[in-house]
S.K.: 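Here you go, one structure.
Atoms within each ligand, like the ligands themselves, are counted from 1 in listed order.
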Amino acid sequence: MAHPRTLDLVIFGGTGDLAMRKLLPALYHLHCDALLPAEARIVGVARDGLDDDGYRSFARTHAERFIGKDFKPAEWAGFAERLVYAQVDALQADSFASLAERLNGRPDGQRVFYLSTAPSLFTTITGHLHGAGLVAADSRVVLEKPLGHDLASSRQINDEVGRYFAEDQIYRIDHYLGKEPVQNLLALRFGNALFEPLWRREWVRDVQITVAEQVGVEGRGEFYDRVGAMRDMVQNHLLQLLCIVAMEPPASIAPDAVRDEKLKILRALRPFGLADVATRTVRGQYKAGASGGQPVPGYLEENGIPGDSRTETFVALKAEINTWRWAGVPFFLRTGKRMQEKVAEIVINFRSVPHSIFGVPATPQHANRMVIRMQPEETVDLHLLAKQPGDVMQLHPVRLDLDFAEAFRTRRLEAYERLLMDVMRGNLTLFVRRDEQEAAWRWVEPIMAGWQAADDRPKPYTAGTWGPAGSSALLSRDGLSWHEEI
Ligand code: BG6
């Protein structure tokens, strides 16, 4: 797909945390790798009274540390020429006139509007963009999560945005889909004949998806307390990962071919009744502890958190998929803040050999396992047993690196780089379709309702641990344990 001649990437929330932490560093890297269209401009939009130069120096001050060692003043100078600024109060329709002025100078260009603002502003902004005549048939809009608070509010946002943008102009971002190992999982599953016959209930014992963070709520207390781990992580990132693991082979890599298959999985998730919520979910909230050797406060002591908050900072649950391929295979999902380590991984645990001829016990510890790691490093490993060199037949666990970092000595694109490229190229495969998103809300809502009905507090866990004890118990009831405990 060719790049359009000129392109304006308009970032609402242009001075915000995401822009500085992720978007500008990603665009800077694409610029350095000559992956941005020559004429591409980045238009920062915010309420602050800045001019172009003011925005450039603001961006440099705030983005430099996130670019890290790759920051080169000369490259930045070239990149900064692409940056312009428009002061807009998103709530005021007439404020969009100045944006229109900036954009109309390039009438043949393509416009991408990146909404990195509170979701409550999405409908107002898209309405005002339309009102100012800025939405053309080839314009695109990128929506950051969270998209709504529940099914009803996400529907409302989608309806409103849908009045001005067709579904194929809407890019709902889930940055986990942009991570290299997740795409490598697609490549391994569907580019090789080897795995497909084993990728089913007959050979897979369980699947574990963990996204554990060491950080707490980091200055986002007020936001986080209204959201919690279920809405912040499970409804989107973890369920999307589950879909990539579980979906049937799509007919092609075309956006709807992939998204149709993911949707089928979301719709096949076994619904949770009240009793299941009690026995198959664990929610926790961190209390004071230590992280990286330093004492850290508990969630209730963080800024912006009410002392009696019941918001969960940890969720573990056992999901099941009602299909012939997956019936009876538990998919354990787990995410939390202030956990022992920063780990994001998908673990496919295969069944043990039916009979061991080597005297090695046929236990889960010795069974094959595929580990797709997104954090702290991006790797894909296959755990196998091999013969230990020597004069006796002794088996030893080995890890086969399926990521081939050595074979491909090119720089990996960070998730936001990859996804921004896809938006510019018009490739929707790694973006979430409306029906997927709504199916995900439909599945998580009864769980959250069950927690509310139970009227109890999340289980406390000490910061710097792997979460409440109930999390291990969730697996031990099936005779299993989390990957790090094996
Ligand atoms: C975001 C969540 O979507 O993902 C944050 O809102 C979380 O709470 C972040 O910290 C984790 O992303 P990553 O890529 O650092 O694992």
S.K.: Residue-level breakdown please: for K342 versus ligand 1, do any non-hydrogen atoms fall below 4.0 Å on the side chain, on the backbone, on both, or on neither?
M.R.: side chain
S.K.: Is any NZ, NE, NH1 or NH2 atom of the basic residue among E417 and R411 found under 4.0 Å from an Asp or Glu carboxylate oxygen of the other?
M.R.: yes
S.K.: Cation over ring, R338 on Y299, under 6.0 Å and within 45°?
M.R.: no
S.K.: Check ligand 1 against D232 and write out every atom of the ligand that is under 4.0 Å from a heavy-atom position of the residue.
M.R.: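 Listed by number with element: 2 (C), 5 (C), 6 (O), 8 (O).
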S.K.: Taking 4.0 angstrom as the limit and counting only heavy atoms of E213, give me the atoms of ligand 1 inside it, by number and element.
M.R.: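 Those atoms are 7 (C), 10 (O), 11 (C).
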S.K.: Answer yes or no: is there a side-chain heavy-atom contact under 4.5 Å between Y171 and L419?
M.R.: no
S.K.: Strictly under 4.0 Å, does any heavy atom of R220 approach an atom of ligand 1?
M.R.: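 Right, R220 reaches ligand 1.
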S.K.: If hydrogens are left out, which of R231, M233, H175 has an atom nearest to atom 12 (O) of ligand 1, that is, the closest non-hydrogen atom?
M.R.: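 Considering heavy atoms of R231, M233, H175, the nearest to atom 12 (O) of ligand 1 sits in H175.
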S.K.: Contact between ligand 1 and E218 is defined here as a heavy atom of the residue under 4.0 Å from a ligand atom; is it met?
M.R.: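 Judged by the 4.0 Å heavy-atom criterion, E218 does not count as contacting ligand 1.
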S.K.: One pair to check against salt bridge (Lys or Arg N to Asp or Glu O under 4.0 Å): E345 and R334. What are the steps and the verdict?
M.R.: CA-CA 10 Å; E345 66 183 17; R334 170 177 64 157; 5.3 Å; no
S.K.: I'd like to know if the side chain of N184 and the backbone of E180 have a donor-acceptor N/O pair within less than 3.5 Å.
M.R.: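 A pair under 3.5 Å: no.
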S.K.: What part of K145, side chain from CB on, backbone N/CA/C/O, both or neither, has a heavy atom under 4.0 Å from ligand 1?
M.R.: side chain
S.K.: Please identify which atoms of ligand 1 are closer than 4.0 Å to at least one heavy atom of H237.
M.R.: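 Counting from 1, the qualifying ligand atoms are 1 (C), 3 (O), 4 (O).
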S.K.: Could you give me the CA-CA distance, side-chain angles and deciding distance for L129 and F12, then say whether side-chain contact (heavy atoms from CB on, under 4.5 Å) is met?
M.R.: CA-CA 11 Å; L129 285 172; F12 284 83; 3.9 Å; yes
S.K.: Heavy-atom contacts with K337 under 4.0 Å: which atoms of ligand 1 show up? List them by number with element.
M.R.: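 So the atoms of ligand 1 that pass are 5 (C), 7 (C), 8 (O), 10 (O).
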S.K.: Of all the atoms in ligand 1, which lie at a distance below 4.0 Å from a heavy atom belonging to K179?
M.R.: 13 (P), 14 (O), 16 (O)
S.K.: Does Y176 reach ligand 1, in the sense of a heavy atom lying below 4.0 Å from it?
M.R.: yes
S.K.: Could you tell me, atom by atom, which parts of ligand 1 come under 4.0 Å of a heavy atom of Q375?
M.R.: 13 (P), 14 (O), 15 (O), 16 (O)
S.K.: Does the side chain of V245 come within less than 4.5 Å of F331's, by heavy atoms?
M.R.: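 Side-chain contact under 4.5 Å: yes.
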S.K.: Name all residues meeting the side chain to side chain donor-acceptor pair (under 3.5 Å) criterion together with E213; count only those two or more places apart in sequence or in a different chain, and write none if there are none.
M.R.: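 Partners of E213 under the side chain to side chain donor-acceptor pair (under 3.5 Å) test: K337.
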